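Keep in mind the model is a prediction, meaning the values are calculated, not measured. Whatever order the structure lists ligands and atoms in, that order sets their numbers, starting from 1.
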Amino acid sequence: MERDNGSTQRLVVDPKHPNPSVIREAGAVLRQGGLVAFPTETVYGLGANALDPRAVTGIFRAKGRPGDNPLIVHIEGPEALANYVERIPPAVSKLAERFWPGPLTLVIENRNKFPAVVTGGLETVAVRVPGHPVALALIRAAGVPVAAPSANISGRPSPTTAGHVMDDLAGRIDLVLDGGPSGLGVESTVLDLTGRNPVILRPGGVTRRELEAVLGPVELDPSVDGQAPGGKPRSPGMKYTHYAPRAPLLLFEGCGKESMAARILAEAGRLAGEGRKVGILACEETAQIYAREGYPVVVAGRRSDPESVAAALYESLRRFDRMEVDVILAEGISEDGVGLAVMNRLRRAAGGNIIAGPS
Ligand code: AMP
Ligand code: MG
């Protein structure tokens with residue numbers, strides 16, 4: 001169903017103590033088959049009733065999302081899993097106790113409880129319990145599990161504010177709950193528990209080290225950085241260019257911050273010489289180096305604090321769209337902790353345009 005721009009309602013909601021009448025209204029929209037965007041502790045999600053194939057199809061239509069890219073099902077607590085899954089692996093209970101509610105998505109077997117449109121036709125399903133009061137209250141009010149990918153047009157940077165959601169989806173969805181900026185700024189970690197060993201399919205808010213403290217050794221799927229030799233990605237979403245601003249992005253990685261700045265300046269000079277408007281994505285520590293030379297710089301956190309970079313990342317990428325640059329040169333950061341998720345998103349935004357440093 002096409003909607004005009006004005007027909008997406010935006011309701012402000014207190015992020016810590018969500019207003020019950022607003023949540024009731026949003027829950028009813030979901031139960032009736034509508035689409036509701038809402039804040040989570042990672043990014044904004046676009047929710048539909050996961051048990052209603054028609055409602056879920058609406059998510060794919062609104063986002064322009066490829067039908068083989070499965071959705072994450074959001075539930076209100078680990079107990080709810082028993083309603084939908086026959087055999088809950090012991091690892092799920094251990095992980096749920098430590099990380100739920102929180103930014104960890106678990107891939108487990110789906111015994112036909114969730115429709116194929118949710119799972120992309122796979123025999124597995126991805127589930128998580130979100131750690132945001134608005135998200136939890138909404139799922140409870142809806143009384144159904146909520147399938148929700150990020151609330152952006154497919155391929156664009158994920159939304160971390162209700163404004164980002166409106167920029168992409170106004171007129172295409174029923175309602176946006178505006179609870180202010182989402183917390184972490186990058187998506188959940190997707191962990192596959194269906195094989196012999198647990199495998200990270202997408203790095204995210206929970207780090208590999210944190211998972212290993214609970215589970216022992218955890219593998220990183222080779223497709224994570226798009227470098228799997230011809231193999232089929234196990235997380236279908238990872239094969240698409242994603243998280244991308246409108247201008248092409250060139251990512252610089254793998255060297256000390258001074259030599260990185262020197263190489264970025266050299267490339268910026270070359271491109272500017274060709275008459276192109278260059279924007280630079282930098283951390284606080286080095287931003288001045290580029291600003292001094294007159295380049296427009298967007299500052300995304302401090303490289304010494306990868307969480308600050310994660311929180312600023314998507315807003316920074318969207319800012320380049322508003323600045324209308326022709327090309328973006330982006331500083332890489334260390335892959336420690338949540339830095340792995342940041343670098344994964346930047347590599348995908350770069351779509352292979354990566355300049356590796358001296359090893
Ligand atoms: P999004 O909700 O847009 O942030 O994307 C969800 C991510 O989870 C995508 O990368 C999906 O491919 C992945 N995912 C969802 N369900 C499954 C599943 N059953 N098996 C593997 N990956 C999944
Ligand atoms: Mg997404």
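In this structure, Arg347 pairs ionically with Glu253, as a charged nitrogen and a carboxylate oxygen lie closer than 4.0 Å. Comment: Arg318 does not engage Glu315 in a salt bridge, judged by the lack of any side-chain N to carboxylate O separation of less than 4.0 angstrom.
Using a cut-off of 2.8 Å, one finds that Ser158 contributes no N/O/S atom close to the Mg ion (ligand 2).
Looking at Pro70, Gly45, Pro66, it is Pro70 that brings a heavy atom closest to atom 23 (C) of ligand 1.
No part of Thr119 comes within 4.0 Å of ligand 1, judged by heavy-atom distances. At a heavy-atom distance under 4.0 Å, only side-chain atoms of Asn69, from C-beta outward, approach ligand 1.
In summary, the side chains of Ser158 and Glu187 do present a donor paired with an acceptor at a separation below 3.5 Å, with no hydrogens or angles considered. Counted by atom type alone, Ser304 and Glu285 present one or more donor-acceptor pairs between their side chains at under 3.5 Å. Side-chain atoms of Ser188 and Thr105 form a donor-acceptor pair, as typed in the model, at a separation below 3.5 Å.
Residue Lys63 places no N or O, backbone or side chain, under 3.5 Å from any N or O of ligand 1. Considering both main-chain and side-chain atoms, His242 never comes within under 3.5 Å of ligand 1 through any nitrogen or oxygen pair. Looking at Thr124 next to ligand 1, an N or O pair under 3.5 Å apart turns up.
Put simply, CD on Glu331 and CD1 on Ile280 are 8.5 Å apart, with the number rounded to the nearest 0.5 Å.
Heavy-atom distances between Val107 and ligand 1 reach below 4.0 Å in at least one pair.
Applying the 4.0 Å criterion to heavy atoms of Leu201 picks out, from ligand 1, the atoms 21 (C), 22 (N). Less than 4.0 angstrom separates some heavy atom of Arg202 from each of these atoms of ligand 1: 1 (P), 4 (O), 5 (O), 6 (C), 7 (C). Atoms of ligand 1 lying under 4.0 Å from at least one heavy atom of Ser150, given by number and element, are 2 (O), 3 (O). Heavy-atom contacts of Leu122 reach the following atoms of ligand 1: 18 (C), 19 (N), 20 (N) (cutoff under 4.0 Å).
Taking the six-membered ring for Trp and the full ring otherwise, the centers of Phe38 and Tyr44 sit at least 6.0 Å from each other.
Considering every non-hydrogen atom in both Ala268 and Val278, the closest pair reads O-CG2, 3.9 Å.
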